[in-house]
Amino acid sequence: MTSTDARTYVEEARREKLAALTEMGVNPFAYRYERTHTAAEALGLYADAMGDNGPEVAVAGRLVSMRGKGKTAFGHIEDASGSIQLYFKQDTLGGTYDVVKLLDLDDHIGVRGRVFRTRTGEITVQAAEVTVLAKSLRPLPRGKTQVTEDGTPVTYGGLQDPETRYRQRYADLAVHPDIRDLFRLRARAIAFMRRYFDARGFLEVETPILQSLYGGAAARPFVTHHHSLDMPLYLRIADELYLKRLIVGGFERVYEIGHDFRNEGMDRTHNPEFTMLEYYQAYADYRDVMETLEDLIPQLVEHCCGSLTIERFGITFDFTPPWPRVRFMEAVEEHAGVDLRTATEDELRERLRAAGQDAETVLELSGGKLIDEVFKEFVESTLVQPTFVIDYPKALSPLAKLHRDDPSLTERFELFVQGREIANAFSELNDPDDQRRRFEDQMAQRAAGDEEAHQLDEDYIRALEYGMPPTGGMGLGVDRLVMLLTEQGSIRDVILFPAMRPEPKEDDRATS
RNA sequence: GGGGGUGUAGCUCAACUGGUAGAGCAACAGACUUUUAAUCUGUAGGUCGUGGGUUCGAGUCCCACCGCCCCCUCCA
């Protein structure tokens, strides 16, 4: 009996083979294997002049296909590099052939033998020695792929159920090489970011995930409790305030790639924990940050996808810089037909209602939230190609410096692609007195019932009082960028282990 | 939170207007010493998400609950 579900007859059969192997003195769970070549390397070794006398290799991997023929058998193993065919022959293997008969799909095995080419033309390892590395007791939900006459592969069966794919990502990855490739691309993108900032003198740092006071974004946090301090701690919702403390400390250029946690709804673009890149650069303003993004992102896209122009979701995205910069106010005026400088809140609410939004929900909106909503309703979806929206209203941006030409605005921009916010950046507010006033405004909104408004962070203000140089900073949602690069419609498809409800136990599956 | 869909064998899916569950692949036994979704013969495998109700009879109808997916709302 396993802990998760009842053992099936298929598993019983595998356990019987496991027992038979043990009976024969074969350890079904070996300690190590001296692999000489990956599957791809072994394939590359063979040249036709070698005939049946190719080089000897020792390959190892998971058995993914097996075609028994009495006294011979063909199968494929798959390793991280790809797959290679194996040929087992009783004449050659002698008693070991009994071990081959006890193999199941999904077993990990090591095979030593010479490389040759079969009559049908496939480069193959003729097994001279077979080592069981790990018996598989539970069959993977593996589909069968047939290549039709016109060359299109058709897969029968396989692991389709999205829930199972997320819950048992190990199985999903094991049977879907393309999913493994997707996560390799994700890793490649993150590694590129790291190299990019390292090469420009940025210091990678780690700031607290457990915080007694959370800040840096408008969001509800996860709360936990520290026993010996007997106090609540919050999981961070952003890295921002700590990274800027480091600018005060003199690092000048810092970045962090890590998880933020927001206790909010889950859907195809929101996971409770997600990956954020933040960077801060002394003596820079938000225009410098735009230039950095216009440099970084195109390079990253080209590095990961091979081109500055990519076809995704039926749209051609062109990352060739420079990207359009549209002012927030002008964008709203153009798409919503309202002038935020003159419109009353009631007029804005009426505009939202006219667009089909729920009247009661709209009534609860005011101030920055209302303006933000108007922007989201009318502007966001129009921003398909990479676009900077710049100069946000002050009310929306309590951590951004006031605009040098217009004190009702801030020097803030967001980068949109495919109608989604990818990055958010500003000339960082470094006037401690102004920061205190902005926090106080937030506290007032909080008192008025806005759970997402910032808390007043005295320690952060103290840091600013010591003096923070002019600083440009940015946060970028890594998951969403990866979604675009890999053409995935759900954030769960780019997170290895997305948040899931716990699996119901057998006993109480239907109760409560 | 609202609306729609869905949950049947290990996997992928069937089962007409209610009549007591079926296929392909996987599994098991046997045949086959260069095959490749191998093939051939035979066998086995299911409290039809859970609980209740209607009915002579429920996978199928009704109610509740649980999970998942999609759309709307929303935070990145």
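Chain letters run A, B, ... following the sequence lines, proteins first and then strands; every chain starts at 1.
Candidate nucleotides B/rC74, B/rG67, B/rU34 were compared by shortest atom distance to the side chain of A/R167, and B/rG67 ranks first. The listed nucleotides are B/rA76, B/rU35, B/rC69; the one nearest the side chain of A/F74 is B/rU35. Listed candidates were B/rC75, B/rC69, B/rU34. Nearest to the side chain of A/P162 is B/rC69. Listed candidates were B/rC75, B/rG67, B/rC69. Nearest to the side chain of A/Y166 is B/rC69. Residue A/P141 has its side chain nearest to B/rC11 when only B/rC11, B/rC75, B/rU12 are considered. Nearest nucleotide to the A/K17 side chain, out of B/rC28, B/rC74, B/rU34: B/rC28. The side chain of A/F116 lies closest to B/rU34, out of B/rU34, B/rU12, B/rC74.
One interatomic measurement links the two molecules: CG of A/D91 to P of B/rU33, which rounds to 10 Å at whole-angstrom precision. As a whole-Å value, the separation of A/L415 CG from B/rA76 P is 15 Å. Atom CG in A/L370 sits roughly 15 Å away from atom C1' in B/rC74 (whole-Å rounding). One atom, CD1 of A/I491, and another, P of B/rC75, lie 15 Å apart when rounded to the nearest Å. Rounded to whole angstrom, the span from the CG atom of A/D104 across to the P atom of B/rA27 amounts to 7 Å. Residue A/D107 contributes atom CG, which lies 16 Å from atom P of B/rA26 at whole-angstrom precision. If you take OH of A/Y87 and C1' of B/rU35, they are 9 Å apart, rounded to a whole angstrom. For A/K101 and B/rA29, the NZ to P distance is 11 Å, given to the nearest whole Å.
With respect to A/E256 and A/R236, a salt bridge is recorded, a charged nitrogen being found less than 4.0 Å from a carboxylate O. Ion pairing between A/E345 and A/R349 holds under the 4.0 Å rule for side-chain N and carboxylate O. Ionic pairing of A/D479 and A/R186 is present here: one or more N-O contacts between side-chain nitrogen and carboxylate oxygen are shorter than 4.0 angstrom. A salt bridge is absent between A/D161 and A/R165; no separation between the charged side-chain nitrogens and carboxylate oxygens falls under 4.0 Å. Residues A/R180 and A/E78 are paired through a salt bridge, judged by an N-O separation under 4.0 Å between the basic side chain and the carboxylate. Between A/R117 and A/E122, none of the side-chain N atoms (NZ, or NE/NH1/NH2) sits under 4.0 Å from a carboxylate O, so this pair counts as no salt bridge. Between A/R438 and A/D441 there is no salt bridge, since none of the side-chain N atoms of the basic residue sits less than 4.0 Å from a carboxylate O of the acidic one.
Under the stacking definition used here (centres under 5.5 Å, planes under 30°), the residue A/F274 qualifies as stacked on the base of B/rA76.
The gap from the C1' atom of B/rU47 to that of B/rA21 amounts to 14 Å, rounded to the nearest Å. Separating the P atom of B/rA58 from that of B/rC11 is a span of 27 Å, rounded to the nearest Å. The gap from the P atom of B/rG52 to that of B/rG57 amounts to 15 Å, rounded to the nearest Å. Between the C1' atoms of B/rC25 and B/rA14, the separation comes to 15 Å (whole Å). Only the C1' atoms considered, B/rG67 is 15 Å distant from B/rG51, to the nearest whole Å. For the C1' atoms, the distance linking B/rU20 with B/rU43 amounts to 24 Å, nearest Å. Here, B/rU17 and B/rC28 have their P atoms 39 Å apart, quoted to the whole Å. The gap from the P atom of B/rC65 to that of B/rA9 amounts to 25 Å, rounded to the nearest Å.
Counting non-hydrogen atoms under 4.0 angstrom, A/R268 reaches the backbone sugars and phosphates but no base. When heavy atoms are screened at a 4.0 angstrom cut-off, A/E16 is found touching no nucleic acid atom at all. A/G68 comes within 4.0 angstrom of a nucleotide base, judged by non-hydrogen atoms across all strands. A/R165 comes within contact range of no nucleotide atom at all, as no heavy-atom separation falls under 4.0 Å. If you check every strand for non-hydrogen atoms under 4.0 Å, A/A218 touches sugar and phosphate atoms only. A/D106 comes within 4.0 angstrom of no nucleic acid atom, judged by non-hydrogen atoms across all strands. Nucleic acid contact for A/G265: base, since at least one base atom lies under 4.0 Å from a heavy atom of the residue. Across all strands shown, A/Q90 has no heavy atoms under 4.0 Å from either base or sugar-phosphate atoms.
Remark: B/rG7 base-pairs with B/rC66; criterion is Watson-Crick or G-U wobble with both hydrogen-bond distances under 3.5 Å. Within the shown strands, B/rU41 is the pairing partner of B/rA29 under the Watson-Crick or G-U definition, both distances less than 3.5 Å.
Residue A/E122 is the one, among A/E122 and A/D267, whose nearest nucleotide of RNA chain B lies closer to the 5' end (criterion: closest heavy atom).
Taking 4.0 angstrom as the limit, A/K71 places none of its side-chain polar atoms (N or O) nearer than this to OP1 or OP2 of B/rA31.
Between the side chain of A/R67 and the base of B/rU35, a donor-acceptor pair under 3.5 Å is found. Side chain A/Q126 to base B/rU34: no donor-acceptor pair is found below 3.5 Å. No N or O donor and acceptor, one from the side chain of A/T72 and one from the base of B/rU34, sit under 3.5 Å apart. Counting atom types as modelled, A/D161 pairs no side-chain N or O with a base atom of B/rC69 as donor and acceptor under 3.5 Å.
At a threshold of 4.5 Å between non-hydrogen side-chain atoms, the residues A/V130 and A/Y97 do not count as touching.
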